[in-house]
Amino acid sequence: MAAVQNQTPILPKLNPTDFQIPTLGECTFPTPPTRSEIISENERILYQSRFSDPSKLNPSLAFEVAGLRDHMFFDPHDINVGIVTCGGLCPGLNDVIRAITYSSLGYGVKKVYGFKFGYRGLSRQGRSYILLDTKNVNTIHYIGGSFLGSSRGPVPPEEMIETLKLLKISVLFTIGGDGTQRGAKFLQDKITEMGEKISVIGIPKTIDNDILYVDKTFGFDTAVEKAREAIICAHVEAKSAPHGLSIVKLMGRDSGFISAKATLASGDVNICLIPEEPFTLEALFKAVESRLLRQNHCVIVVAEGAGAELMAKIQPPVKDASGNLKGGDIGVFLKEQIQAHFKKLDMECTTRYIDPSYTIRACQPNASDAAFCEELGNKAVNSALSGKTGCIVGFWNQQFTLVPFSLITRGRKMVQLDEHMWCTVKAMTTDVTGRQ
Ligand SMILES: Nc1ncnc2c1ncn2[C@@H]1O[C@H](COP(=O)(O)OP(=O)(O)OP(=O)(O)O)[C@@H](O)[C@H]1O
Ligand SMILES: O=P(O)(O)OC[C@H]1O[C@](O)(CO)[C@@H](O)[C@@H]1O
Ligand SMILES: [Mg+2]
């Protein structure tokens with residue numbers, strides 16, 4: 001097995017205090033009769049569930065449990081809440097917006113504000129919102145995208161607090177990826193500094209599944225399902241042409257989870273390229289060549305962030321409005337390079353290039369993601385009413401957790417090259433690292 005190259009902090013040095021969730025204060029309102037499960041304040045979900053020596057297991061490294069307590073910090077009848085969706089689209093955004101709205105109004109919350117186009121809707125200049133109710137959110141889960149719109153780009157936390165205070169909002173739900181939760185952390189830090197009693201609760205969203213300390217984010221399953229459909233079509237195309245080569249580009253700027261999982265799910269991929277594992281063009285050409293000669297067809301899946309070192313030589317990455325690095329189009333680059341290579345060899349290669357990125361992201365969630373979103377939304381409301389703040393609702397070992405912003409913003413989850421999932425992908429595909 002080749003040496004592991006990437007260094008995702010999967011098991012960094014953690015302290016029990018890293019798991020502590022800030023609270024706004026004492027919970028004094030008895031929770032009204034509810035169908036929701038009541039969580040005892042002492043319950044925890046172990047960080048480490050796999051071990052060989054039980055004596056080395058540290059039970060104080062554990063997540064708080066998301067959900068309702070027997071007493072609430074907020075009297076729901078006294079408060080307004082806000083919802084914002086930021087970053088790229090993701091299947092299930094509308095489902096979470098709907099779940100939060102229904103759940104909040106069910107507890108008797110006065111008003112649910114939906115901010116338009118991400119944090120921009122909370123800014124002084126771009127302040128824009130709609131009141132959400134059971135009528136206007138009733139059917140939004142039938143379609144993809146965000147009912148509220150989304151955007152990238154920073155907004156000063158002071159301006160957001162000004163908006164929250166103006167509208168008497170006690171809880172802000174931030175639905176978004178790592179950047180959104182970084183922004184939410186800045187906001188919550190400022191709120192604490194100013195001594196305001198406003199809770200900020202994140203719901204991690206990303207098809208990339210790249211949030212640290214979260215097993216799975218909503219939208220990921222759907223993205224894999226849609227990616228698999230594209231791969232199946234790519235395989236059909238490749239098999240139907242003389243020396244057919246299909247290249248499918250999938251999203252994944254820094255983490256190749258969609259590509260890896262879709263490769264496992266389809267069984268039709270011959271070469272899988274992800275950002276975490278560098279490859280060489282020479283090894284890639286050789287692999288395609290030998291595959292076309294042996295099997296007459298070949299399917300390549302490439303994550304958008306793969307080959308970043310190759311792309312950087314042609315075109316330095318640019319930053320988007322949020323400061324995320326965006327490189328050139330690796331899919332188009334590979335198509336052109338491979339075509340030029342086979343032209344030089346005077347060997348036939350019928351190349352098809354498929355980029356389903358935005359169709360994967362803008363669609364309705366599958367049933368499993370939709371159900372997951374419903375629970376996430378409910379857990380977020382329950383946790384906020386219990387006075388929790390400065391955290392996201394996570395999912396770890398099949399349980400809904402609370403994870404501090406300070407923990408998830410330490411980095412980004414990436415595919416570990418020695419994890420079972422990636423090793424299985426490697427067993428199913430051809431290595432193009434140039435090391436073998
Ligand atoms: N360090 C930060 N401080 C304050 N705000 C931030 C920070 N990083 C990102 N944000 C803000 O969060 C919002 C969303 O960030 P970003 O565009 O990176 O998307 P994201 O939430 O990571 O979603 P995804 O990458 O999955 O599309 C933007 O408005 C951005 O300005
Ligand atoms: O087109 P945009 O908005 O820049 O988003 C692209 C990025 O969004 C993501 O889908 C994450 O939401 C990444 O995989 C991708 O790099
Ligand atoms: Mg991000």
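Each ligand, and each atom within it, is numbered from 1 in the order the structure gives.
Protein heavy atom at the shortest distance from atom 22 (O) of ligand 1 is Asp178 OD1, 2.7 Å. Distance from atom 26 (O) of ligand 1 to its nearest protein heavy atom, with residue and atom name: Lys205 NZ, 3.0 Å. Scanning the protein for heavy atoms near atom 27 (O) of ligand 1, the closest one is Gly88 N, 2.7 Å. When only non-hydrogen protein atoms are considered, atom 9 (C) of ligand 2 lies nearest to Arg361 NH1, 3.7 Å. Scanning the protein for heavy atoms near atom 19 (O) of ligand 1, the closest one is Arg152 NH1, 3.1 Å. Atom 4 (O) of ligand 2 has its closest protein heavy atom at Lys326 NZ, 2.5 Å. Of all protein heavy atoms, the one lying nearest to atom 29 (O) of ligand 1 is Gly153 O, 2.5 Å. Protein heavy atom nearest atom 14 (C) of ligand 1, with residue, atom name and distance: Thr180 OG1, 3.4 Å. Looking only at heavy atoms of the protein, atom 25 (O) of ligand 1 is closest to Arg253 NH2, 3.2 Å. Scanning the protein for heavy atoms near atom 10 (O) of ligand 2, the closest one is Met251 SD, 2.8 Å. Here the protein heavy atom with the shortest distance to atom 9 (C) of ligand 1 is Gly179 O, 3.1 Å.
In this comparison of Glu304, Arg152, Lys205, the heavy atom closest to atom 2 (P) of ligand 2 sits on Arg152. Of the options Gly323, Gly202, Gly183, the smallest heavy-atom separation from atom 4 (C) of ligand 1 is shown by Gly183.
Tyr142 and Asn94 share no donor-acceptor pair across their side chains, judged by distance under 3.5 Å alone. Of the N and O atoms on the side chains of Thr409 and Gln181, not one donor lies less than 3.5 Å from an acceptor on the other residue. Residues Asp329 and Tyr353 bring a donor and an acceptor atom of their side chains to less than 3.5 Å of each other. A side-chain donor-acceptor contact under 3.5 Å links Gln188 and Thr192. A donor and an acceptor atom, one from each side chain of Thr17 and Asn15, are nowhere located under 3.5 Å apart.
Distances between N or O atoms of Phe186 and those of ligand 1 include no value under 3.5 Å. Checking only distances, Ser322 does come within under 3.5 Å of ligand 1, N or O to N or O. Checking only distances, Asp320 never comes within under 3.5 Å of ligand 1, N or O to N or O. Inclusion of Pro154 in the set of residues having an N or O under 3.5 Å from an N or O of ligand 1 is warranted. Distances between N or O atoms of Tyr358 and those of ligand 2 include at least one value under 3.5 Å. For a threshold of 3.5 Å applied to N or O pairs, the pair formed by Asp208 and ligand 2 contains at least one separation below that value.
For ligand 2, the atoms lying closer than 4.0 Å to a non-hydrogen atom of Arg253 are 7 (C), 16 (O). Residue-ligand proximity, Asn324 to ligand 1, at heavy-atom distances under 4.0 Å covers atoms 16 (P), 17 (O), 18 (O). Residue Cys86 has at least one heavy-atom neighbour below 4.0 Å for each of these atoms of ligand 1: 13 (C), 14 (C). Within ligand 1, counting atoms from 1 as listed, the ones closer than 4.0 Å to a heavy atom of Gly87 are 14 (C), 19 (O), 23 (O), 27 (O). Of all atoms in ligand 1, numbered sequentially from 1 with element shown, those under 4.0 Å from a heavy atom of Thr206 are 26 (O). Listed by number with element, the atoms of ligand 1 under 4.0 Å from a non-hydrogen atom of Gly177 are 20 (P), 21 (O), 22 (O), 23 (O).
Scanning both residues, Pro275 and Ser255, for their nearest heavy atoms gives CG-N, 3.9 Å. Considering every non-hydrogen atom in both Leu187 and Pro157, the closest pair reads CD1-O, 3.8 Å. Between Gln125 and Glu159, the shortest heavy-atom contact is N-OE1, 4.4 Å. Shortest non-hydrogen contact noted between Asp95 and Ala370 is OD2-CB, 3.6 Å. Nearest heavy atoms, Phe173 versus Ser104: CE1-OG, 4.5 Å. Minimum heavy-atom separation, Leu292 to Phe342: CD1-CZ, 4.0 Å.
The closest approach between Gly118 and ligand 1 stays at or above 4.0 Å for every heavy atom of the residue. Residue contact check for ligand 2: Gly87 places no non-hydrogen atom closer than 4.0 Å to it.
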Checklist line | Test salt bridge (charged side-chain N to carboxylate O under 4.0 Å, His left out) applied to Asp268 and Lys239, step by step | finding: CA-CA 11 Å; Asp268 288 333; Lys239 281 195 88 164; over 6 Å; no
Next item on the list: Take Ile79 and Lys110 through the test side-chain contact (heavy atoms from CB on, under 4.5 Å) and record every step on the way to the result.
Entry: CA-CA 6 Å; Ile79 64 165; Lys110 288 196 291 189; over 6 Å; no
Notebook entry, point to check: Yes or no on side chain to side chain donor-acceptor pair (under 3.5 Å) for Asn378 and Tyr102, after CA distance, side-chain angles and deciding distance?
Noted result: CA-CA 9 Å; Asn378 277 279; Tyr102 267 91; over 6 Å; no
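Looking only at protein N/O/S atoms, the ones less than 2.8 Å from the Mg ion (ligand 3) make 1 in total.
In summary, of the residues considered (Phe218, Phe63, Phe400), a ring pair (Phe, Tyr, Trp, His ring centres under 6.0 Å) with Phe395 occurs for Phe400 alone.
Note: Leu14 CG to Leu61 CG = 6.0 Å, rounded to the nearest 0.5 Å.
Residue-environment remark: NZ (Lys286) stays at or below the threshold of 12 foreign heavy atoms within 6.0 Å.
A cation-pi arrangement is present between Lys413 and Phe257, with the terminal nitrogen or guanidinium carbon under 6.0 Å from the aromatic centre and inside a 45° cone about the axis. For the pair Lys261 and Phe220, the cation-pi criterion (under 6.0 Å, within 45° of the ring axis) is not fulfilled.
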